[in-house]
Amino acid sequence: MKQDTIRKFVSLGLLLILLVVFSLTSEYFLTPANIFTLLREASIIGIVSIGVTFCIITAGTDFSTGANVALVSMICANFLYYTGLPVFIVLLIGVLSGAAAGCVNGFLVARLRLPDFIATLSTQGVFRGLTFVFAIRSATGVISNKVITNPDFLLLNGDIGGLYYSTIAFFVLAVIGQLVLKRTKLGTYTYAVGADRKASEFSGINIGRVKIAAFLISGICSAVGGIFLFAKLGSAIPDLGIGLEFDVIAAVVVGGCAFSGGRGDVFGSVLGSVFLVVLVNGLYKLQMHVSYQLIIKGAIIILMTIFDSVYMDLMSKYSRGKSPRAGEAVSGGAQ
Amino acid sequence: MSSRIVALRMEHIDKSFAGIPVLKDVSFEIYKGEVHALMGENGAGKSTLIKILTGIYSKDNGRILLNGQEVKITSRTDAKRNGISVIYQELSLIPTLSVTQNILLGDEICKKGIVDGKAMRKRVMEIMDTYSLHVNPDAIVETLSIAQRQMVEILKALAFQSSVIIMDEPTSSLSTSETELLLKIIRSLSRQGVSILYISHRLEEVYEVSDRLTVLKDGVKVAVLEKEEIEPKKVIELMIGKGIDETVVEAEMRKSCQPVVLELKNLSKKDVFEDVSFSAHRGEVLGISGLVGSGRTELLRCIYGIDRLDNGQVIFEGQVMKSNVSHNIREGFGFVPEDRRKQGFVPMLSVCKNIALVSYDNIKRRGPFVAGKEEMSLSRQGIEKLDIRPNNPHLPVGNLSGGNQQKVVLGKWMVRDLKLLLIDEPTVGIDVGVKEELYKFIEALAAGGSTVLIVTSDLKELLRVSHRIIVMRKGKIFKEFNTGSVTQENVLEAASGIEKECAADE
Amino acid sequence: MSKMMAKGFAKKFAKPLILLAMVVVMSILQPKAFPTLNNFVSIVYAISLYGIMVCGAIYPMLLAGVDLSIGSVAAMSGCATVMTIIKYDYSGKGVFLGIAFGLLLCIIVGLVHGLIAANFNVPPFLITLASLNLVYGVAQLVTNFKTIGCVGPPIFSVIGVGRLWGLPAPVYILAFCTICSYLLLRHTVFGRQLYAVGGNKEAAALSGINVKLVTVIAYILSSVCAGIAGIVLASMNQQAVATSAKGYEADVLTAIVVGGTSLMGGEGSIQGALFGALLVGLLNNGLRLMSVPSTYHLLIKGICIIIAVAFDIRSKRSDDKKTEGKPLFKVKTSAGGMN
């Protein structure tokens with residue numbers, strides 16, 4: 001069985017167990033209100049995780065998502081506060097700035113050849129710093145977390161019969177993301193680059209472009225998620241989204257993506273986001289110490305990535321037929 | 001049956017590396033629908049020629065013409081676009097994608113970026129039907145066997161409408177039945193007008209399937225044989241060069257009277273080698289010959305202890321050896337690996353540190369500390385003994401020439417009390433002068449009482465240094481030469497399958 | 001002077017010159033605040049902490065890995081030490097037990113990192129990132145978000161606050177750690193093996209080096225040095241809290257990379273890394289004096305890492321460019337590279 005299929009089954013199983021346990025121990029758990037709230041939270045992590053899924057499938061990562069969320073929110077806040085531009089335009093600007101951030105990441109990785117994790121860890125600092133630069137300040141220069149009261153903007157918080165817009169957006173984007181991944185040329189190339197970089201090169205795939213596309217998608221997803229988060233909070237605080245990147249990566253890992261690349265998909269990350277949110281919410285309802293979240297998330301990431309490594313090792317050992325001989329399989333054969 | 005229309009022609013190709021000519025005025029053509037074998041010893045230039053055809057190397061001189069038109073090829077994708085595909089041993093498939101996706105990778109059928117899965121599948125099925133080559137189009141490549149993956153590679157080449165498919169040692173990892181299937185496919189492809197350039201040392205296959213055959217020797221094209229002219233002994237003669245101003249290279253095998261120090265009993269490793277048993281004596285140089293895929297390198301690695309055996313025992317000086325490299329090194333083992341760049345030395349470290357790398361138990365001082373002076377004098381010993389140039393022990397080994405790098409690799413063993421040295425292809429890419437030096441070192445080692453096991457594809461080299469020669473084929477010991485005189489032809493015949501199973505025939 | 005001589009001169013003196021230039025610039029920009037004794041003392045304290053962590057964090061990086069968890073590990077060890085001291089009523093015995101316990105925890109964490117990195121195909125940045133959060137969570141849990149004050153006993157305070165001949169104790173601890181690391185890297189078998197594994201893992205394994213053991217020890221050393229820094233920090237601040245060393249890994253990483261250690265392993269030295277620590281310490285100090293808020297620091301440091309790593313990668317790539325056939329391979333040794 002494929003690695004990501006097994007992992008999805010395991011995660012789904014764990015999720016079901018969690019749902020059962022939590023609904024038994026807390027009577028408020030399975031109420032519609034709670035479910036919709038849960039989904040709303042999952043949407044924000046989830047929307048961002050759609051983009052990060054692309055990055056991880058290319059055997060890369062994106063650690064700048066949290067900072068990107070904050071930056072986009074701050075930029076939107078500035079436009080909403082200082083200008084009278086229609087909300088729709090402001091949101092567009094926000095998404096574009098998220099895309100620009102993604103391009104920066106793409107440039108660092110594709111052109112300057114920085115390793116993904118260093119590039120995005122650095123841009124995390126840069127974007128977070130820029131958020132502070134753009135922070136709305138009062139006359140004395142102190143950061144004032146101005147609450148945005150623009151009613152058109154606050155529409156984003158609306159819902160249809162309880163189901164929040166953000167959740168709808170999440171599922172729509174997830175479907176689009178999955179289709180792009182599975183049905184487009186870009187999606188095929190994304191998997192190819194992650195699974196075997198060399199072979200992709202030989203087949204004429206432009207690796208740089210695929211990486212840049214992945215970061216672009218991640219940047220846009222961070223922007224959309226960030227906008228919903230901003231709308232939910234009502235004000236753009238510079239600390240927005242701290243720790244989000246870790247949650248997003250946890251969601252993608254739980255969803256079955258392997259860091260070695262070439263495996264996993266968006267639906268898995270949807271599962272992972274829901275799982276994470278249910279876990280956190282359940283722990284909270286069980287009144288467990290809030291630090292357990294970090295501990296459990298960290299442990300899950302470690303355990304699942306170890307599993308991936310072991311499983312794929314076993315798979316390659318038992319693959320049908322003979323494998324190319326170790327020492328003598330020199331490319332180009334005999335001289 | 002092939003036509004006489006020239007599909008691919010290479011004219012007056014020259015290529016030199018750092019002043020050393022590797023291809024000299026090579027002209028060569030393949031007809032449409034022909035299966036053409038390219039033969040030659042290691043170092044003859046076959047690999048270089050192929051790399052020029054696929055754009056990995058650039059030619060110094062000459063032209064490449066496809067269907068009469070001159071083409072410029074600077075990359076593998078260039079070559080593909082021009083209709084030349086190459087199938088190497090290390091296949092270039094994406095393991096997590098399906099067969100269909102792999103076959104049409106880079107050439108997907110899509111509308112505005114959206115892939116038309118149905119149309120792609122249909123196209124793939126069409127190709128499979130046209131060439132009678134079927135693999136499950138929805139299977140994920142990593143679940144397929146090597147033979148099946150090769151077929152996917154072939155289909156990929158066909159999807160790109162390649163007029164010339166180059167196959168480099170395609171059968172070295174295949175079983176007998178898989179090989180037969182492949183040859184059948186090759187014949188069918190040629191009937192369809194696809195030209196196949198077939199490179200292999202497995203002469204029996206070559207004879208079975210080729211329409212014509214070109215022999216390269218030392219960078220020069222020495223002959224082109226038509227099917228009727230293809231005769232095993234003749235080809236080997238041409239490859240090795242008897243009769244063209246060359247003295248016959250012949251060696252006398254000597255059975256040793258010294259005691260046996262190394263005994264291999266029924267060594268087996270699944271799918272790699274089986275039931276290998278032989279022994280080696282003190283002071284003996286035992287040459288191990290065989291084609292790519294015969295299991296020689298793996299055998300050596302298992303003896304050394306870096307890879308595990310499935311079965312069998314390695315007994316050295318009466319002791320059963322385990323798969324523990326540092327223990328074996330202490331017992332006097334040494335290993336010169338096949339790829340010196342990737343496995344032999346640490347490029348960023350100095351000559352001194354590389355030479356001392358395995359000898360720290362000898363140059364420790366007060367616990368974990370290294371005695372710097374002794375380390376340096378040890379390395380100078382090595383530099384002197386092997387005449388490493390430049391003789392500055394502080395230079396990073398990555399900056400030395402290939403020959404001197406190999407000397408460093410050898411040097412780290414030769415400054416020790418070596419009892420058994422395992423060598424794998426020691427002189428690849430090394431110039432003649434240094435080669436000769438290395439042979440002298442090996443001889444000196446043996447004379448001093450060490451045992452040497454040397455794996456090499458260079459037949460001259462094999463005959464030059466070996467006291468006895470063992471030939472492996474498809475993972476088994478096929479023949480042992482331990483008396484009388486042996487020529488390169490003898491070895492090649494044994495290794496490449498001209499001689500049928502004939503253990504009794506000695 | 002010929003071009004070669006000029007290059008050699010530049011290489012040898014580049015680092016001290018850069019430091020000198022920074023000191024001069026900052027004295028000019030902040031003539032009242034920068035060149036004061038108090039300020040230098042605070043710089044010294046900061047650099048001591050980074051420096052101690054650098055002494056350990058360099059090991060995984062020489063193996064082409066990384067340890068992102070050092071900030072959390074430092075905090076954890078500080079908390080563990082302080083809580084043990086308090087439990088044993090501020091006695092001398094408590095101090096010894098506390099330090100031993102704190103360091104023991106670090107050894108365990110490092111052991112886990114090393115075992116995973118050695119035996120599984122999991123990227124070290126991921127392991128240590130997960131660990132960063134996990135350990136942080138444990139520290140939060142155990143301290144319940146509280147700051148644990150610890151004034152004394154004198155045996156403990158002397159670590160962070162004590163002075164000898166005018167210099168603060170942490171400097172001596174830094175000196176000790178630096179000397180140990182220097183000796184370890186340059187003069188022991190382990191050091192030789194470490195560079196070999198980092199430079200060419202396969203060749204090292206074929207030379208009988210126990211690659212797994214080397215990996216495990218490297219990560220243990222990294223965690224232990226982080227632990228030592230955490231204990232010094234707790235003593236300095238006379239308190240321990242889960243967030244005490246939050247974000248330190250960024251500075252330490254920057255210091256090591258700027259100091260010439262390659263992310264791809266096999267190249268780097270303690271001297272270089274310490275130079276990097278000095279640089280980062282001065283930079284932090286300067287930014288603070290100029291009232292630049294702490295998040296701009298992230299911005300600037302982020303850019304610094306990018307530049308340093310980009311240069312490192314470019315110099316390696318120009319060697320790897322598609323050269324044909326069997327030519328000479330040129331290895332560029334940057335200043336501070338081990339030879």
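Here is how names work: the chains are called A, B, and so on, in the same order as the sequence lines, proteins then strands, and each is numbered from 1.
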**Residue F127(A) versus chain C: region with a heavy atom under 4.5 Å** = neither
**Message:** Is there a side-chain contact between F120(C) and D308(A) in this structure, where contact means two heavy atoms from C-beta onward sitting under 4.5 Å apart?
**Reply:** no
**Prompt:** For L129(C), is it the side chain, the backbone, both or neither that has a heavy atom under 4.5 Å from a heavy atom of chain A?
**Reply:** both
**Item:** Atom group of T131(A) that falls short of 4.5 Å from chain C, counting heavy atoms
**Value:** neither
**Any side-chain heavy-atom pair of L294(A) and L134(C) under 4.5 Å** = no
**Asked** Hey, which of L68(C), V112(C), I306(C), I305(C) has the most heavy atom pairs under 4.5 Å with chain A?
**Response** I306(C)
**Request:** Find out whether L141(C) and Y292(A) are in side-chain contact, i.e. whether some heavy atom of one side chain is under 4.5 Å from a heavy atom of the other.
**Result:** yes
**Prompt:** Under the side-chain contact (heavy atoms from CB on, under 4.5 Å) criterion, do L299(C) and F132(A) qualify, and how do the steps go?
**Reply:** CA-CA 10 Å; L299(C) 209 158; F132(A) 268 80; over 6 Å; no
**Prompt:** Within a strict 4.5 Å, meaning less than it, do heavy atoms of the F125(C) and L121(A) side chains meet?
**Reply:** no
**Message:** Please classify the contact between V133(A) and chain C as side chain, backbone, both or neither, with a heavy-atom cut-off of under 4.5 Å.
**Reply:** both
**Side-chain heavy atoms of M312(A) within contact of N121(C), under 4.5 Å** = no
**Complete:** Cut-off 4.5 Å, heavy atoms of chain A, and the answer for V135(C) is neither
**V138(C) vs S291(A) side-chain heavy atoms within contact, under 4.5 Å** = no
**Pairwise side-chain contact, I295(A) with N133(C), heavy-atom cut-off 4.5 Å (strictly under)** = no
**Asked** Which answer fits L108(A), side chain, backbone, both or neither, if we ask what part of it has an atom under 4.5 Å from a heavy atom of chain C?
**Response** side chain
**Prompt:** Mind checking whether I301(A) and L126(C) have side chains closer than 4.5 Å, heavy atoms only?
**Reply:** yes
